[in-house]
J.: 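One structure coming up, written as structure tokens, with questions to follow.
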Amino acid sequence: MTVALHELAMQGDPGTLASEDQASKLKLMNPQQLYELWERQHWASQDIDFAQDKRDWAEMDDPNKDQFMWGLSAFFIGEERVTTQFSGLVMAYQDEQEEAFLTTQQVDEARHVQFFDRMYREVFGVDDADIRDRLARVRRDLNQSFITLFDEELVQAGQKLIADPSDIGAKVEFVAIYHMVIEGILALTGQNFITQFCEREGIMPGFVEGFGKVARDEHRHVAYGTWFLKETAGKNEVLAQRMRDKIVELLPVAAGVLVPVGYDIGDEWELFGYNSAQVNEFAYASLTRRLKAIGVPLIAAESAAA
Ligand SMILES: [Fe+2]
Ligand SMILES: [Fe+2]
């Protein structure tokens, strides 16, 4: 089952491939194909069995508990943000197949919020009666880079699309922030290292199963973003420059989101047994493969020469 999930996760997302060369040759899936893949990849957040996870949590030492809850706070709040701030992109659909895919992505993000909310309630015992109280409590763990990216950049980009869903430049910018930076750089990087930690320790099987399914959804979302940017920024230098500028502007902010409590941006840090260089290298390598597939490298001269 794990192998099958892994193979499906790779479909359409060049970030999962072994090299830039493979990424540049990948035939990207279009929104209709990604919609059909969504129908084949259904899962239910309420079906995940957390019985062993509760026992593992009770036995975990305090430093590991602290880094685990800190790592997941960005996911729980991040999934809430990307669910509510997605509506502008749904409004900006260009045909009914893209509309179908985009509505599936919004419901996926709601499912991810449900999954992390169950973790907080049932495994961590954060059992406020109201989800808003739980979100407010978890928010206290977040750093300023997170606020900049999710409460300012993402929200403003969404508002621009809502104001004018036909603004293709605003749509390129939104997808650059959402699919390339938030999902591609942050979510899939965090997921990779937290999951490896749990697998190495042999703990939290329900969480690992659910998080794997969240990641499979995220790869499908990133596959859409890659397809969309190739069709737009990949064919128009003005749009390419807009996409490139936004990603370059937000790279240091994204790096800041990954910095754990107690460290400053620029410090070397360690989390789940991995150091900052390893984490940043993973994030940058997968971004580079996606940009290769889009045909818009971060340095404009490369695209002019190519
Ligand atoms: Fe998500
Ligand atoms: Fe997503």
Side-chain angles (χ1 to χ4, degrees), residues 5 8-16 28-29 31 33-35 37-39 41-46 48 71-90 92-93 98-120 131 135 138 142 146 149-151 153-155 157-158 161 171 174-195 207-229 247 250 254 257-258 283 286-287 290:
L5 283 179
L8 286 169
M10 289 180 57
Q11 286 185 27
D13 178 6
T16 59
L28 296 176
M29 295 172 84
Q33 292 168 312
L34 291 165
Y35 172 81
L37 188 58
W38 175 81
E39 285 199 354
Q41 293 182 337
H42 265 312
W43 64 285
S45 63
Q46 306 302 315
I48 303 288
L72 261 57
S73 64
F75 277 93
F76 188 18
I77 305 297
E79 296 289 4
E80 180 278 324
R81 297 276 72 195
V82 300
T83 307
T84 54
Q85 303 308 313
F86 197 74
S87 303
L89 186 59
V90 177
Y93 71 89
E98 189 184 16
E99 177 188 39
F101 171 77
L102 290 173
T103 54
T104 68
Q105 178 167 347
Q106 193 161 27
V107 81
D108 283 345
E109 306 301 8
R111 172 164 56 191
H112 301 167
V113 179
Q114 293 279 331
F115 170 71
F116 287 105
D117 192 38
R118 278 197 66 206
M119 268 305 279
Y120 272 84
I131 187 171
L135 286 164
V138 175
L142 302 172
F146 186 98
L149 186 55
F150 287 83
D151 290 346
E153 287 288 338
L154 177 66
V155 171
L161 265 187
K171 188 173 173 186
F174 183 90
V175 173
I177 297 171
Y178 192 119
H179 296 74
M180 288 299 118
V181 176
I182 292 178
E183 295 183 320
I185 296 182
L186 290 177
L188 288 168
T189 299
Q191 191 270 343
N192 177 67
F193 289 101
I194 297 173
T195 302
F207 171 71
V208 168
E209 181 194 344
F211 212 11
K213 290 174 174 170
V214 168
R216 187 179 59 181
D217 291 343
E218 297 303 350
H219 283 297
R220 202 169 54 247
H221 304 165
V222 172
Y224 160 79
T226 308
W227 169 86
F228 170 74
L229 290 171
I247 293 175
L250 292 181
V257 174
L258 294 167
S286 44
L287 171 69
R290 291 180 188 117

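In what follows, residues are counted from 1 in the order of the sequence shown. As the structure lists them, so they are numbered: ligands from 1, and atoms in each ligand from 1.
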J.: Within a radius of less than 6.0 Å around CZ of Phe193, do more than 12 heavy atoms belonging to other residues, nucleotides or ligands occur?
T.: yes

J.: Tell me, which protein N/O/S atoms are under 2.8 Å away from the Fe ion (ligand 2)?
T.: Glu109 OE2, Glu183 OE2, Glu218 OE1, His221 ND1

J.: Could you tell me if Gln41 and His219 have a donor-acceptor pair between their side chains, going purely by distance under 3.5 Å?
T.: no

J.: Find the distance between CD (Glu79) and CD (Glu218) and round it off to the nearest 0.5 Å.
T.: 5.0 Å

J.: What residues form a side chain to side chain donor-acceptor pair (under 3.5 Å) with Asp151, not counting sequence neighbours?
T.: Arg81, Arg139

J.: With Arg111, which of Asp217, Val214, Thr83 fulfils side-chain contact (heavy atoms from CB on, under 4.5 Å)?
T.: Asp217

J.: Parallel under 30°, tilted from 30 to 60°, perpendicular over 60°: which one fits the rings of Phe150 and Phe146?
T.: parallel

